[in-house]
Amino acid sequence: MIRIAITGPEATGKSTLAKALAAFFNTAWCPEYSREYFEGKSYKYDLNDVVAINREQLVRINNLNNRYIDNKVLFFDTEAIVNRIWSEVKFGFCPDEIMETANKPAFDLYLLCYPDIEWEEDPLREDEHNRMELFKKYQTLLSTINASVFVVKGAGKERLENVISYIKARYPVLQ
């Protein structure tokens, strides 16, 4: 099974891309848990919330892997690297529990979303003006852990078509 994570700064189309890729390749995808976590809650959060989100996201990733073991490919909207960067940027520190899961590649491919699409306001988003700085942090971290990365660029249909073409070329079994 090919496991592909979609990662990157806020408002770069991760969820939209994960859902569209799963539909195109007729497979399952794992949504970002933090949205569900904050649903109906005050958005004031601390490092314990990020740890809880990371823990549950990993459970859901593992559950999806186990439920769809016969699928050729699965897509994952966010993963531990998102939580590591979130922790470091917001709190200046990343707990060991998150570091352990973010310090090695856990997926066959990481689709790193470039911040070239328009920011969409959302009550859960807070980093409108530093998306490029965050993108560079993702790039550096993914390089440091020797992850396979494809940078996702473009808008709308073009963005999706670029990613599909790359995935099909890299993984001929998905043709």
Side-chain angles (χ1 to χ4, degrees), residues 1-15 17-19 21-22 25 27-37 45-115 127 130-153 162-164 166-174:
M1 175 190 321
I2 301 161
R3 297 165 20 99
I4 300 176
I6 295 92
T7 195
E10 292 179 310
T12 55
K14 295 182 298 292
S15 298
L17 185 59
K19 186 176 181 178
L21 288 169
F25 287 102
T27 192
W29 67 288
C30 184
E32 173 187 12
Y33 174 64
S34 64
R35 293 202 160 272
E36 184 180 332
Y37 180 87
Y45 62 89
D46 62 25
L47 198 50
N48 292 322
D49 293 304
V50 182
V51 170
I53 288 166
N54 189 69
R55 194 175 292 148
E56 180 61 21
Q57 187 75 42
L58 292 173
V59 166
R60 290 173 182 221
I61 287 168
N62 288 330
N63 287 344
L64 193 74
N65 285 331
N66 294 333
R67 279 187 32 219
Y68 295 97
I69 197 141
D70 293 331
N71 287 35
K72 290 181 182 178
V73 63
L74 294 175
F75 295 94
F76 301 87
D77 176 6
T78 75
E79 38 56 63
I81 289 171
V82 170
N83 297 318
R84 176 178 170 179
I85 290 174
W86 184 11
S87 297
E88 291 172 348
V89 168
K90 293 299 171 191
F91 303 103
F93 170 77
C94 184
D96 290 343
E97 182 177 336
I98 295 174
M99 290 295 279
E100 289 172 16
T101 59
N103 277 343
K104 57 184 183 262
F107 298 90
D108 300 298
L109 178 64
Y110 289 81
L111 300 175
L112 175 55
C113 295
Y114 191 80
D127 290 313
N130 67 343
R131 291 191 302 160
M132 186 52 74
E133 176 186 329
L134 290 170
F135 175 81
K136 290 175 184 175
K137 287 182 183 297
Y138 280 93
Q139 224 174 9
T140 299
L141 179 53
L142 288 164
S143 175
T144 300
I145 66 168
N146 295 314
S148 295
V149 177
F150 176 73
V151 176
V152 178
K153 291 184 176 181
N162 290 343
V163 175
I164 290 170
Y166 179 81
I167 291 171
K168 287 168 88 175
R170 182 178 174 105
Y171 303 105
V173 68
L174 299 177

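For the single chain, residues carry numbers from 1 onward in sequence order.
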K.L.:
Do the side chains of Phe135 and Val151 get nearer than 4.5 Å, heavy atoms only?
P.N.:
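A side-chain contact exists here, since the closest heavy-atom pair is under 4.5 Å.
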
K.L.:
Where the side chain of Lys14 meets the backbone of Pro9, is there a donor-acceptor pair that is under 3.5 Å apart?
P.N.:
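Yes.
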
K.L.:
Which heavy-atom pair separates Pro31 from Gln57 by the least distance, and what is that distance?
P.N.:
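Heavy atoms of Pro31 and Gln57 come nearest at O-NE2, 3.2 Å.
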
K.L.:
Please determine whether side-chain contact (heavy atoms from CB on, under 4.5 Å) holds for the pair Trp86 and Ile98, giving the CA-CA distance in whole Å, both sets of side-chain angles, and the decisive distance to 0.1 Å.
P.N.:
CA-CA 11 Å; Trp86 184 11; Ile98 295 174; over 6 Å; no

K.L.:
Please enumerate all residues that pass ring-ring contact (aromatic ring centres under 6.0 Å, His included) together with Phe25, with sequence neighbours excluded.
P.N.:
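With neighbours one apart ignored, the set is Phe75.
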
K.L.:
What pairs meet the side-chain hydrogen bond (donor to acceptor under 3.5 Å, both in side chains) rule with one or both residues in residues 135-150, with sequence neighbours excluded?
P.N.:
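Pairs touching residues 135-150 that pass the test: Ser148-Arg170.
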
K.L.:
Could you walk me through whether Asp77 and Tyr33 pass the side-chain contact (heavy atoms from CB on, under 4.5 Å) check?
P.N.:
CA-CA 9 Å; Asp77 176 6; Tyr33 174 64; over 6 Å; no

K.L.:
So Leu111 and Ile4, do their side chains get closer than 4.5 Å, heavy atoms only?
P.N.:
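With C-beta onward as the side chain, the pair touches.
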
K.L.:
Any side-chain heavy-atom pair from Tyr37 and Asp49 closer than 4.5 angstrom?
P.N.:
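They are in contact (side-chain heavy atoms under 4.5 Å apart), so the answer is yes.
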
K.L.:
Does any pair with a residue in residues 100-115 pass salt bridge (Lys or Arg N to Asp or Glu O under 4.0 Å), and if so which ones, sequence neighbours excluded?
P.N.:
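Listed by first then second residue: nothing to list.
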
K.L.:
What is the distance from atom CG of Leu112 to atom CD1 of Ile6, rounded to the nearest 0.5 Å?
P.N.:
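Leu112 atom CG to Ile6 atom CD1 measures 11.5 Å (nearest 0.5 Å).
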
K.L.:
Side chains of Cys30 and Leu74: does their closest heavy-atom pair fall under 4.5 Å?
P.N.:
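A side-chain contact under 4.5 Å is absent here.
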
K.L.:
Which pairs, with at least one residue in residues 59-72 and sequence neighbours excluded, count as a side-chain hydrogen bond (donor to acceptor under 3.5 Å, both in side chains)?
P.N.:
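For residues 59-72: Arg3-Asn65, Thr27-Asn71, Glu36-Arg60, Glu56-Arg60.
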
K.L.:
The criterion is salt bridge (Lys or Arg N to Asp or Glu O under 4.0 Å); which residues satisfy it with Glu88, sequence neighbours excluded?
P.N.:
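Partners of Glu88 by the salt bridge (Lys or Arg N to Asp or Glu O under 4.0 Å) criterion, ordered by chain and then number, come out as Arg84.
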
K.L.:
Walk me through whether Tyr171 and Val73 qualify under side-chain contact (heavy atoms from CB on, under 4.5 Å).
P.N.:
CA-CA 10 Å; Tyr171 303 105; Val73 63; over 6 Å; no

K.L.:
Is the closest side-chain heavy-atom distance between Ser87 and Phe93 below 4.5 Å?
P.N.:
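They are not in contact (no side-chain heavy atoms under 4.5 Å apart), so the answer is no.
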
K.L.:
Side chains of Tyr45 and Ile53: does their closest heavy-atom pair fall under 4.5 Å?
P.N.:
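The answer is no; the side chains never approach within 4.5 Å.
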
K.L.:
Is there side-chain contact between Val152 and Leu17, with heavy atoms separated by less than 4.5 Å?
P.N.:
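Yes; the side chains approach each other to less than 4.5 Å.
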
K.L.:
Could you check whether the rings of Phe107 and Phe76 sit parallel, tilted or perpendicular, using 30° and 60° as the cut-offs?
P.N.:
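Plane angle between 30° and 60°, so tilted.
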
K.L.:
With a 3.5 Å distance limit and no angle check, can you tell me whether Asn162 reaches the backbone of Lys153 through a side-chain donor-acceptor pair?
P.N.:
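Yes, Asn162 side chain to Lys153 backbone: donor-acceptor pair under 3.5 Å.
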
K.L.:
Taking side-chain hydrogen bond (donor to acceptor under 3.5 Å, both in side chains) as the test, write out the residues that go with Glu79, two or more places apart.
P.N.:
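For Glu79 the side-chain hydrogen bond (donor to acceptor under 3.5 Å, both in side chains) partners, ignoring immediate neighbours, are Thr7.
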
K.L.:
Using a strict cut-off of less than 4.0 Å between a Lys/Arg side-chain nitrogen and an Asp/Glu carboxylate oxygen, indicate whether Arg55 and Glu97 qualify as a salt bridge.
P.N.:
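Answer for the salt bridge query: yes.
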
K.L.:
Does a side-chain heavy-atom distance below 4.5 Å link Leu134 with Ile85?
P.N.:
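When only atoms from C-beta onward are counted, Ile85 and Leu134 do touch, with a gap below 4.5 Å.
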
K.L.:
Before you tell me yes or no, could you show the steps for Thr78 and Ser34 under side-chain contact (heavy atoms from CB on, under 4.5 Å), namely the whole-Å CA-CA distance, both residues' side-chain angles and the distance that decides it to 0.1 Å?
P.N.:
CA-CA 9 Å; Thr78 75; Ser34 64; over 6 Å; no

K.L.:
Considering all heavy atoms of both residues, which atom of Pro115 and which atom of Met132 are nearest to each other, and what is their separation?
P.N.:
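Residues Pro115 and Met132, closest heavy atoms: CG-CE, 3.9 Å.
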
